[in-house]
Amino acid sequence: MEDIDANMVPLRLAIIVLVFWVLMSASVFCLFEKWDFFTSMYFFFISLTTIGFGDVTPEHKVACMNFLLILIGLSVVSMSINIIQQHIQEIFTQIVQSIESDFKKNIIDGGKRKNSQTTITIANGNDSGKGDENMQIEEARRKSID
């Protein structure tokens, strides 16, 4: 578990890189296209999320020059989604391991309780006259639990 955590990119770093890239690219579009910042952010967001409504489009020469910004932005979005997926998968793995360890602990604790109750019952003589038969059954149960 510690090796996996050491190799993972921090989630905050991925989000910071994504936000920085969107802001930087939107400001470049703002300069070249003479849009206000909100329109530039809107265009870049719908381009990176591949929604592409088409209601805001840059001029042809500006779009060709800034196509590289959009292409790299798509890679940054993909990277961020993969990092988020890794973190969710890590959380899920920890939950499953916690459930598994609790289950194993309960099985072991339950087996010890049954064995101690059986020993007390046999020691007190409350086996209802069945004697050796009860002891053999209890030994078989102990072996199956172990």
Heavy-atom distance under 4.5 Å between the side chains of Trp35 and Pro58, does that happen here?
-> yes
Check whether any side-chain heavy atom of Thr50 sits under 4.5 Å from a side-chain heavy atom of Leu74, and report yes or no.
->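 A side-chain contact under 4.5 Å exists here.
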Treating [X] as the side-chain partner and [Y] as the backbone partner, does any N or O pair qualify as donor plus acceptor under 3.5 Å?
X: Thr49; Y: Phe45; value: yes
X: Ser101; Y: Ser98; value: yes
X: Ser25; Y: Val22; value: no
X: Trp21; Y: Leu69; value: yes

Nearest-0.5 Å distance that lies between atom [atom1] in [X] and atom [atom2] in [Y]:
X: Ser40; Y: Leu23; atom1: OG; atom2: CG; answer: 10.0 Å
X: Leu11; Y: Ile88; atom1: CG; atom2: CD1; answer: 8.5 Å
X: Phe44; Y: Phe37; atom1: CZ; atom2: CZ; answer: 11.0 Å
X: Leu13; Y: Ile83; atom1: CG; atom2: CD1; answer: 7.0 Å

Taken in chain and number order and not counting sequence neighbours, the residues that satisfy side chain to side chain contact (heavy atoms under 4.5 Å, CB included) with Phe38 are Asp36
Sequence-distant partners of Glu59, side chain to side chain contact (heavy atoms under 4.5 Å, CB included), two or more places apart =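 Glu33, Lys61, Val62.
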Option from Gln94, His87, Gln86 for which side-chain contact (heavy atoms from CB on, under 4.5 Å) with Glu90 holds | Gln94
Taken in chain and number order and not counting sequence neighbours, the residues that satisfy salt bridge (Lys or Arg N to Asp or Glu O under 4.0 Å) with Lys104 are Glu100
